[in-house]
Participant: 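Below: one structure in structure tokens.
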Amino acid sequence: MESVVTSVLLLLCVSATAVSGVASIDAVLTGAAGSNITVPACHPGSNITMTTVTWSRVNADGGTSGISAPGESRITELHGHELEIQGLTPADQGIYQCAYSTHPSPQPSNSVYTRYRLIVTSGPENVSMSIEPVTALSNGTLIVYRGSSVSFNCSGSSHPSQHLTLAFAGASSSDHSLASDSGSWLSYRIENIQPSNQGLYSCRAHNNVSDQTVTKSTQLLVYYAPDRHPECMWTPVADPSHALFNCTWFGAYPAPTLRWGEDQGDQGAHWMGHVYVTETAESLSLSMNRSLLSEGQTLRCMAKHLALAPGKEKWCSLTLKPPYPQGEPLITALEKTSVTLTCTEDVSIPPANTTWRKGLQQDNIVPGSKYVLTEEGPVLKLTIHNVTKDDEGVFFCRSENPLNVSELEVFLTVKTPSAFTGAVIGVFIAALVLGLSAIVAKMLYSSRHRICLGVGLGQIEDDQREVLSLVDSDDDDIQIFQDAVPRLPPLTNGGHMTLAQIHQIPSSDHEDAELGDTSSQPQEDTAQAEQPVDRVTYRF
């Protein structure tokens, strides 16, 4: 900073010398506008006696003029020949010359000059910090919403020169510069502003000559709300006739306004219903007794926040339902084994408290080696080890929530091993009878054509190789197995009636014997061939 000030001063001195034609400046003096300053008197050497001292101002053309206007009382010469200027103004800035005459001197009119350059500083003035677009709260705090674009402007004025700096200090960061410039205006912009940009923004103006600094700061808050809806849930309580509901909506700044109410639907953009409780917090609880609850009733939690437009509130709801336990109502177990009774209840809101009870008096079941209770989510299981006849009877799966109490009756039947064995044998015999019936039915179905032709069931196996020959022809010479087929007299319509004979094909183990006996017993075979066999008459 000192090097900057020195450079500015040297530049001003050189410029003034070039303009005025003055050879040199002996000293540079600075004073703030409105303050008082004393310009030192000029001093000759120790062996020179100063006789006359004159103060004047050096004009731009190199000439001199009086130090003050007529009647001006702000600028006076003190007894020690110092020059005092009260209430500095920008017009007082310039070069002041102190001239003195010496005696004795070869030339009594010769004078010696001492020149002072006076710089009147002002500012920083009118320093301001502006942020747009923002919303101003009643206490003057400025807020913006997450995701918006924000512009920052820093301005001020100083004479003869200044340096502007825009700085930021967040909750987790120290003050650091965002932008700087030597002009009178400084701009900065943040696209898609985030909560990390929340903090103190400062516009700092520094006068390079007077080394004076003025700072203007503004606190900026970034409001935001989560995109998700609140969460509605319930909390178990010791008294089952009461219900405790809880609504949470984390991740909003500042804290939202939560409201529990009974939902009666929406009318346009407005929610209709009875409000139970309202609070500005991230979590809100509601306690209600059974008299205020009913099946199908809907409780809604509304979340309101400045970051949400009107009519865009977030919400969650719960529709109350009574318990309804489900399971197998009839269970059969074998004596001295283990059996598990299962009950499922997953529809109730709030969730019901489900327990197993025994007998018509609904005695509580004490878990132990005999009765083992296990819970898998909404499924409650009761396992009975070493089942006896004493365990036979009714068990109750009892579910209760603030709305109602519901029960599932499960009847356990205990069988002895002998009764169980008889039942198994009965089932086996029934299965055997059904199997045999199926086999007989299949055999009858496969031989249905023989049954229709009058062949007895006893001949089914012997007639497996029997051939049925049907002949329809006008040729009188057709023979089957070398035997003529007798033809009936012609019908009146000119057709013929042909006989069909059924011949039995001998089995393969008798074919050779029968062929050998054919020549020796021709008459017997002929007689057998002529014997009528079952004939079927067809009309063609």
Side-chain angles (χ1 to χ4, degrees), residues 1-8 30 32-33 121-228 249-257 280-282 303-309 312 314:
M1 183 61 68
E2 293 180 356
S3 60
V4 174
V5 174
T6 303
S7 301
V8 171
T30 61
T121 63
S122 63
E125 297 176 331
N126 303 321
V127 179
S128 67
M129 177 73 197
S130 63
I131 307 175
E132 296 178 349
V134 294
T135 300
L137 300 180
S138 58
N139 59 359
T141 303
L142 304 181
I143 64 171
V144 294
Y145 301 107
R146 180 177 60 185
S148 60
S149 298
V150 183
S151 297
F152 302 83
N153 299 314
C154 173
S155 62
S157 61
S158 298
H159 182 80
S161 64
Q162 71 175 3
H163 188 80
L164 293 178
T165 301
L166 176 64
F168 168 72
S172 59
S173 63
S174 58
D175 186 289
H176 63 278
S177 175
L178 298 177
S180 62
D181 195 7
S182 59
S184 61
W185 185 271
L186 183 62
S187 297
Y188 185 76
R189 185 175 178 83
I190 298 179
E191 303 286 350
N192 190 23
I193 196 168
Q194 295 298 314
S196 58
N197 301 123
Q198 175 175 287
L200 186 67
Y201 288 85
S202 301
C203 176
R204 186 178 300 118
H206 176 74
N207 191 313
N208 296 328
V209 177
S210 66
D211 201 28
Q212 298 295 315
T213 301
V214 176
T215 302
K216 292 292 185 180
S217 300
T218 301
Q219 183 76 25
L220 180 66
L221 302 180
V222 179
Y223 280 12
Y224 54 91
D227 295 332
R228 66 181 182 277
W249 198 44
F250 298 106
Y253 178 82
T257 299
T280 300
E282 293 182 327
K304 190 176 182 180
H305 196 269
L306 290 175
L308 300 176
K312 300 297 183 180
K314 303 291 185 178

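Predicted model only: the values in this text are computed from it and were never measured.
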Participant: Exactly one of Thr215, Leu178, Thr218 should register a side chain to side chain contact (heavy atoms under 4.5 Å, CB included) with Ser202. Which one does?
Facilitator: Thr215
Participant: For the CG atom on Asn192, are there more than 12 heavy atoms of other groups (residues, nucleotides or ligands in this structure) within a distance under 6.0 Å?
Facilitator: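 For Asn192, atom CG is crowded (more than 12 foreign heavy atoms under 6.0 Å).
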Participant: Checking Ser184 side chain against Ser157 main chain: does a donor-acceptor pair fall under 3.5 Å?
Facilitator: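 No, the answer is negative, given that no donor and acceptor are paired below the 3.5 Å cut-off.
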Participant: Classify the side-chain pair Thr165/Ser180 by whether it contains a donor and acceptor separated by less than 3.5 Å.
Facilitator: no
Participant: Under the side chain to side chain contact (heavy atoms under 4.5 Å, CB included) rule, what do Gln162 and Val127 come out as? Steps first, then yes or no, please.
Facilitator: CA-CA 11 Å; Gln162 71 175 3; Val127 179; 6.0 Å; no
Participant: Is it true that the side chains of Ser128 and Ser155 contain a donor and an acceptor less than 3.5 Å apart?
Facilitator: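 The answer is yes; a qualifying pair exists.
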Participant: Calculate, to the nearest 0.5 Å, the distance between atoms CD and OG belonging to Glu132 and Ser151 respectively.
Facilitator: 7.5 Å
Participant: Apply the side chain to side chain contact (heavy atoms under 4.5 Å, CB included) test between Leu220 and each candidate in Ile193, Leu200, Thr141, Ile143; give the one that qualifies.
Facilitator: Ile193
Participant: Taking Ser122's backbone N and O only, do any of them form a donor-acceptor pair with Asn207's side chain (distance below 3.5 Å, no angle check)?
Facilitator: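 It does hold such a pair.
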Participant: Counting only N and O atoms by type, is there a donor-acceptor contact under 3.5 Å from the side chain of Arg228 to the main-chain atoms of Phe250?
Facilitator: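 Indeed, once roles are kept as given, a pair shorter than 3.5 Å links the two residues.
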Participant: Taking the six-membered ring for Trp and the full ring for Phe, Tyr or His, determine whether the centres of Tyr223 and Tyr253 are under 6.0 Å apart.
Facilitator: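 Yes: the rings meet the under 6.0 Å criterion.
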Participant: Donor-acceptor pair, His305 side chain versus Pro254 backbone, under 3.5 Å?
Facilitator: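 Checked: pair present.
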Participant: Could you go step by step and tell me if Val150 and Glu191 meet the side chain to side chain contact (heavy atoms under 4.5 Å, CB included) rule?
Facilitator: CA-CA 7 Å; Val150 183; Glu191 303 286 350; over 6 Å; no
Participant: Please assess His206 against Asp211 for the test side-chain hydrogen bond (donor to acceptor under 3.5 Å, both in side chains), listing each intermediate value before the final yes or no.
Facilitator: CA-CA 7 Å; His206 176 74; Asp211 201 28; 3.0 Å; yes
